[in-house]
Structure formats: C-alpha cells, structure tokens
Amino acid sequence: MPAKKKDYFAALYDVARIINASLKPSRVLEEIVSCVARTMSVKACSLRILDFRGKKLLMGAQFGLSDGYIRKGPVLVKESGLDKKVLKGETIFLKNAQT
C-alpha cells in the first residue's frame, strides 16, 4: 500500500489559522507541536524557546514526550554543539535522530 502523501501546505495553513485564532502563546505553541507531529506521522515533538540571555533552550511546548524527558529541564547551549550550529544559522541534517 503506498504511503499517504503529506500535504505540508495544508499543515502550514492549519498552523497559521491557529496563530490567528489565539492570543495565548502557550496555546499556539501546543497546537503547533501537535500539528507537526500529526503531519510528520511521528509519536512526539517538542519546541524549545531560547531564553532572553541566549544561554538556555527552555521547553516551550511538547506533544507525546515522556515525563522523564520533560523533567530533564533546559538545554544549555554551550554544552550542545548541535544547538550552537543551529543558532548560528547553519543547516543541520540528521539521518537518524536516535543515533
């Protein structure tokens, strides 16, 4: 059976609709991660927000993550080579995020 073609434009429209429908940032972020997880057919998704000092990535919203993962706390940018690259604007490709 062929894989269902994903309509990324429809997902983008859904996110834009969500942003326009709510003035609560936490609600918008929750809807975004939910929409991303559904569209990409993944079990979990998170969105982290850079703190005002640019030193920590705080959990902004999550969907489907374990309590243990959520309790890990913020990511320290200085300890994450991957996040340092992303924050510099570099494109990152992970063939397998688990490894």
Side-chain angles (χ1 to χ4, degrees):
M1 180 175 202
K4 180 182 171 189
K5 184 176 177 180
K6 295 178 182 9
D7 189 344
Y8 294 110
F9 290 110
L12 182 60
Y13 172 78
D14 287 344
V15 169
R17 187 178 43 78
I18 291 162
I19 291 169
N20 287 325
S22 177
L23 296 177
K24 289 182 65 180
S26 61
R27 173 80 174 126
V28 171
L29 296 178
E30 289 170 6
E31 289 294 333
I32 288 171
V33 294
S34 174
C35 184
V36 167
R38 282 192 317 272
T39 301
M40 297 186 74
S41 301
V42 295
K43 294 178 185 178
C45 178
S46 68
L47 191 150
R48 292 194 178 260
I49 299 172
L50 189 63
D51 75 340
F52 71 97
R53 292 184 180 155
K55 296 185 179 206
K56 296 179 190 175
L57 289 167
L58 309 170
M59 186 65 71
Q62 62 84 24
F63 174 85
L65 295 175
S66 69
D67 289 335
Y69 185 87
I70 295 167
R71 283 193 301 266
K72 282 177 141 181
V75 172
L76 300 177
V77 174
K78 70 179 181 179
E79 295 179 6
S80 173
L82 178 71
D83 292 316
K84 281 189 225 177
K85 289 179 180 181
V86 170
L87 291 169
K88 287 180 184 175
E90 295 181 35
T91 301
I92 306 297
F93 173 76
L94 299 175
K95 186 172 184 176
N96 184 338
Q98 293 179 328
T99 60

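What you are looking at is a predicted structure, and each value in this text was computed from that prediction instead of being measured. Index from 1, following the sequence.
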So, [X] side chain and [Y] main chain: donor-acceptor pair closer than 3.5 Å or not?
X	Y	value
Thr39	Cys35	yes
Arg48	Leu57	yes
Lys84	Lys78	yes
Asp51	Lys56	yes

Should [X] and [Y] be regarded as members of a common hydrophobic cluster, given that ILVMFWY residues are connected when their side-chain heavy atoms come within less than 4.5 Å of each other, either directly or indirectly?
X	Y	result
Val75	Tyr69	no
Ile49	Val28	yes
Leu76	Leu82	no
Met40	Phe63	yes
Leu87	Ile92	no

| Of the non-hydrogen atoms in Leu58 and Pro74, which two are nearest, and what is the gap between them? | CD2-CB, 3.7 Å

| Which of these, Leu47, Leu29, Leu65, sits in a side-chain contact (heavy atoms from CB on, under 4.5 Å) with Met59? |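 Only one of Leu47, Leu29, Leu65 forms a side-chain contact (heavy atoms from CB on, under 4.5 Å) with Met59, namely Leu65.
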
| said: Are the side chains of Val77 and Lys55 in contact, using a 4.5 Å heavy-atom criterion? | reply: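 No, too far: nothing below the 4.5 Å cut-off.
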
| Counting only heavy atoms not in Arg17, do more than 12 sit closer than 6.0 Å to its CZ atom? |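 It does: Arg17 CZ has more than 12 such atoms within range.
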
| When rounded to the nearest 0.5 angstrom, what distance separates NZ in Lys43 from OG in Ser66? |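 Reported value, rounded in 0.5 Å steps: 12.0 Å.
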
| How many angstroms lie between CD1 in Ile32 and CZ in Arg27, if you round to the nearest 0.5 Å? | 11.0 Å

